[in-house]
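Take a look at the structure set out below.
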Amino acid sequence: MPRVAPNLRLLCALVGCAWFASAFGAAAPSLLGKDAPDFALKGLDGKNLRLSEFRGQVVLLNFWARWVSGSREELSALDRINTTYHRAGLVVLGISVDEDAPRARDFATAMKVRYPILFDTSPDIGRDYLLEKMPVTLLVDRTGVVRYASVGFKRGDERAYLDQIRELLRE
Amino acid sequence: MNFKRRLVSITSCVGLLACAWVTGAAAQGTATAPAAAATPAASPPTSGTPLPDTPPADFKTLDEEVQGMKKDVIDLNKDLFVLQEELLFPSNTQVAVYVSMDVGTFFALDSVTLKIDNKEVKNYLYTAREADALLKGGVQEIYLGNLKVGKHELVAFFTGKGPVERDYKRGATAVFIKGVGAKYLELKITDRVTKHQPEFKIKDWE
């Protein structure tokens, strides 16, 4: 019994470290401060959009999937942000990483958001953006550098997005 | 009488003294005026004084140095790019594929997929701006890679909107021989007016 207690403590410490590392890694993706990888994707309206063509504007990239809880709330919140800040130079791009593209299209159509929704059917962009969890929201500054990253969404997170957006728009 | 003479002599003395004082004061005034006039020239210019148009020589040389450094950096970047190209894609194995578009009345380009020796090497989606640039005479390097000397097959698939806004997908194939030097191939999209259809060709630049 005295031999078991140190092992148990060591195990607990290891589990704790692993949890902390994963939680911190998810909250601070390693793309921060680096150039956002370029991509071109087809949108809901059939038009292709390329990220690099928005250089000079602040871009909010939101990677989402239909099956993620809170997707509806997040898409609605981003639509409100887009409506308010679009004229100030903000571009919101929603990127669906759903494998079932037709159902993702139906979902996006039903949501009636006014910003472009793009569909990523290849694994390349998910790999380039180191996507491990969903949803992921990134803010790209006017020079194309990732300045803010957020993993997951809960009500009220949009306030944090707004603080960052205002700061980047002022630059 | 004596009193009268004394009074006249005193009055004339006072008059002479007054004249002498006035003359002295005037002489002093003319002597200080040049000094007063010289003082502002030595002092810094007031706000009302216009500034010179040309920047000081120090700033000019600094600006020239910065411009020179910028030019050096650009030249160095160019040399590094050329060196990188030569190292990554040596001319004996280099294959480059270009896309060009002429007129475009019967075809709106959406994407191009390239396969070399039955292996997909590139899939490129075109935005409206990129397609416009091609229509204005731009030529795009869509692929740059390495291939060994010998016979190879290039297949290109073009998707987009054809005549009457219909979805359109066509392919073009070319068999080419890679020699010792670099190989350049061009995917040409043109309009065939007689058939009201687009035409897709692969041109081998010898």
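All heavy atoms count here, side chains included; hydrogens, waters and symmetry mates do not.
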Q | Spacing of CG belonging to B:Leu125 relative to CG belonging to A:Leu118, to within rounding of 0.5 Å | A | 10.5 Å

(Q) Could you check whether atom CD of B:Gln197 has more than 12 heavy atoms from other residues, nucleotides or ligands sitting under 6.0 Å from it? (A) yes

Q. Between the main-chain N or O of B:Tyr126 and the side-chain N or O of A:Asn48, is there a donor-acceptor pair closer than 3.5 Å?
A. yes

Q: Show your working on side-chain contact (heavy atoms from CB on, under 4.5 Å) between A:Lys42 and B:Asp110 and close with a plain yes or no.
A: CA-CA 10 Å; A:Lys42 195 168 278 299; B:Asp110 183 71; 2.8 Å; yes

Q: Count the heavy atoms of every other residue, nucleotide or ligand shown that sit under 6.0 Å from CD of B:Glu165, and state whether that count exceeds 12.
A: no

Q: Measure B:Asn123 against the heavy atoms of chain A and call it side chain, backbone, both or neither at under 4.5 Å.
A: neither

Q: Kindly check if the number of other-residue, nucleotide or ligand heavy atoms within 6.0 Å of CG (B:Asp75) is above 12?
A: yes

Q. Got a sec: does the CD of A:Glu132 have more than 12 other heavy atoms crowding it under 6.0 Å?
A. no

Q. Which pair of non-hydrogen atoms, one from A:Glu53 and one from B:Arg129, has the smallest distance, and what is that distance?
A. O-NH1, 3.4 Å

